[in-house]
Amino acid sequence: MALIQIKGKLEIKGIKKVIFILDTSESAYSYWNEIASLTSQLIALLPKDMEGELYFLGNSNPIEISQFDKLTSQFFEENLNRISLITPIFEKLSQKEDIFNILIIGSGKIFDLEDWADSHLLKQTLLISVKDSLQGELSLADEISYPTAQQIYTYLYDPIIEVEISGKGFMPLKWSNGGYSLNIIEGKAYLTASKLDNYFINLEYLITSDFSPQAKLTYASGQKIIKPIQNLEIVEMKEEDLNLISLTSEEEEIFKKAIFKKPFLCIHCKKTHEWNTLYCLNTSSILGEPIYPSLNNYKISGFVLFYQKDEKVYFQDYPFNLLKIDENTVAFREGRRAVLYKYSEKEDMWIATSHTLDPYSKIKEGVYAVVF
Amino acid sequence: MQWFFDKTGFPLFYVSGIQVQLLPITKVQFEKFLVESKEFGDSWYANLLNINPRVSYKTFTSENREGIFITGLLPSEINFFIKWMGNGFRLANLREWRKIYHELKKIPLKRERLENLLFQVKSKPAKTIIERLLEQLNYEILYREARRELNWADITLMHYGLVEWVKEEGSYVGVGAPRPSFYPNLWEPLKDMVKPLKENERLFYFGFRLIR
Ligand SMILES: [Zn+2]
């Protein structure tokens with residue numbers, strides 16, 4: 001299977017999906033005012049865009065959290081006297097792959113809680129008792145009694161401390177969030193970020209067709225979850241709408257010689273340089289001056305792409321560390337050099353070659369890449 | 001051997017032309033009814049659990065396995081469950097129960113039959129219970145106490161299980177012989193029947209299974 005180039009994004013909410021389970025059973029309905037007001041206060045504290053569902057103990061049909069305040073008394077009437085059994089809801093939740101914060105708010109023992117001992121669902125559950133314990137004398141899940149909404153919110157707050165994106169044949173080419181950095185470890189490319197306020201990322205990458213990259217999220221609590229990247233669209237290699245800058249005619253002469261590996265006359269020192277010279281060192285600048293003075297007028301990040309069209313030559317800054325060279329090759333820029341990595345499908349590895357990107361490497365018809 | 005499954009996902013099989021539930025009704029099955037029917041509430045159920053405490057199907061042992069079954073119900077309450085089960089389910093009468101028991105006692109338990117059942121059963125509680133029970137009975141009967149091969153009366157717990165409600169002449173009586181550790185007795189199911197002294201007395205060793 002070939003690698004394909006795709007655009008995708010990863011959206012991460014600061015807080016995990018919250019599942020409310022409210023107890024309206026015989027052992028709890030006398031405390032309904034406490035249960036309902038605690039729920040309302042907590043809903044008000046939670047982020048507006050948070051995903052969540054609200055269940056009544058013993059009823060596996062959820063309602064939208066946003067509906068709760070409006071229809072509180074109606075829901076109470078409808079669910080009054082349901083029995084304190086969690087299995088119908090947990091059976092439903094166990095079919096979902098999401099990871100939750102499950103809050104069970106009520107009073108009195110849930111008879112079948114023990115059937116879920118050691119389950120991943122119960123590990124994600126906080127029992128909140130407004131009167132009597134929900135687990136009796138057993139200790140199967142975390143439980144707090146008579147808490148304030150703020151205390152529960154503090155318990156729920158479990159920020160992400162690291163995100164790591166990888167996948168079969170995955171190689172990121174461009175990404176929107178500068179907090180992420182690329183590491184290639186034993187042939188696998190990892191895009192990682194830690195301690196960010198915002199982990200949102202748009203990215204363009206290579207991936208084995210039929211596969212999606214996955215993000216591994218690590219929470220402060222130590223919990224890890226895997227979230228797939230949404231593949232948005234396949235990138236077509238079309239002539240992009242580019243912000244192209246013309247070279248001067250003197251510079252064009254240099255370019256036209258250099259691409260044929262011929263020496264050229266330097267604009268700075270008026271001497272002849274080898275075709276692959278990129279900086280003239282015969283100037284007062286200790287770092288040297290780029291042989292194309294026009295580059296000095298623009299912010300150059302590393303890669304520069306030259307376009308030859310109708311005898312004119314243009315350039316464009318390419319502000320990314322990775323450049324796709326062909327179907328299975330990328331150049332990874334480190335400082336003023338870019339190492340070529342080739343993808344081996346057999347080993348599913350990106351292998352660092354001993355080659356660096358030559359100046360004026362042709363990456364497609366009329367397009368040449370140089371690392372400055 | 002063909003297996004059938006009721007709406008709770010627990011198995012039934014044919015004996016002498018009658019489809020009979022492999023096991024007495026468990027608490028997990030009964031709880032499905034409690035959730036769907038809304039017939040009984042927390043205090044009613046808590047009271048029932050007081051006389052035969054709930055044991056999780058996931059962790060029951062040789063010593064406490066009677067705790068996974070629903071017991072202590074009155075016949076009138078069982079009728080709500082039967083109505084909820086629908087599909088022609090009913091209590092056996094005394095003669096039917098004894099006929100089934102008599103048949104099952106004679107048939108050695110072939111392990112492949114149960115393996116086949118375990119392959120078909122989709123209910124996780126049902127599968128877990130059968131697996132654990134088989135392991136326990138093998139140890140108790142084959143290796144430790146009786147040192148004999150298992151038969152179908154063993155795995156169905158028609159003996160060394162509960163006293164089970166059956167119908168008899170328009171009334172309800174119990175039949176079966178629990179393990180002495182659960183309820184000391186010298187009953188012989190083919191001869192004896194057990195009559196509660198009071199009609200509305202909850203007896204912790206009385207359970208039931210259904211046939212159709
Ligand atoms: Zn020069």
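Quick note on labels: first sequence line is chain A, next is B, and so on, each numbered from 1. What you see below is based on every heavy atom in this structure, not just the backbone, and it leaves out hydrogens, waters and symmetry mates. As the structure is a prediction and not an experimental result, all values here were calculated from the model.
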Interface moiety of [X] toward chain B, non-hydrogen atoms closer than 4.5 Å:
X: A:I110; answer: neither
X: A:A117; answer: backbone
X: A:L85; answer: side chain

Open item on the list: Strictly below 4.0 Å, N to O, side chains only: are B:K27 and A:D115 in salt-bridge contact?
Closed with: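 Salt bridge flag = no for A:D115 with B:K27.
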Evaluate whether atom [atom1] of [X] has more than 12 neighbouring non-hydrogen atoms of other residues, nucleotides or ligands under 6.0 angstrom away.
X: A:E64; atom1: CD; value: no
X: B:Y160; atom1: OH; value: no
X: B:E149; atom1: CD; value: no
X: B:K83; atom1: NZ; value: no
X: B:R132; atom1: CZ; value: yes
X: A:F200; atom1: CZ; value: yes

- [ ] Please report the closest heavy-atom contact between B:T59 and A:E114, naming both atoms and the distance.
- [x] OG1-OE2, 4.1 Å
TODO: Drop me the distance from A:E26's CD to B:Y45's OH, to the nearest 0.5 angstrom.
DONE: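 The distance works out to 14.0 Å.
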Open item on the list: To the nearest 0.5 Å, what is the distance between CD on B:E31 and CD1 on A:I86?
Closed with: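 B:E31 atom CD to A:I86 atom CD1 measures 12.0 Å (nearest 0.5 Å).
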Open item on the list: Is the shortest side-chain heavy-atom distance between B:V28 and A:D112 below 4.5 Å?
Closed with: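 With C-beta onward as the side chain, the pair stays apart.
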TODO: Count the heavy-atom pairs under 4.5 Å between each of B:R54, B:K124, B:K38, B:E36 and chain A, then report the option with the highest count.
DONE: B:R54
Task: Interchain contact, B:K32 with chain A, by part (heavy-atom threshold 4.5 Å) - done: side chain
Open item on the list: Heavy-atom cut-off 4.5 Å, strictly under: side chain, backbone, both or neither for B:T128 against chain A?
Closed with: neither
TODO: Kindly say whether A:S84 contributes a backbone atom to a donor-acceptor pair with the side chain of B:D42 at under 3.5 angstrom?
DONE: yes
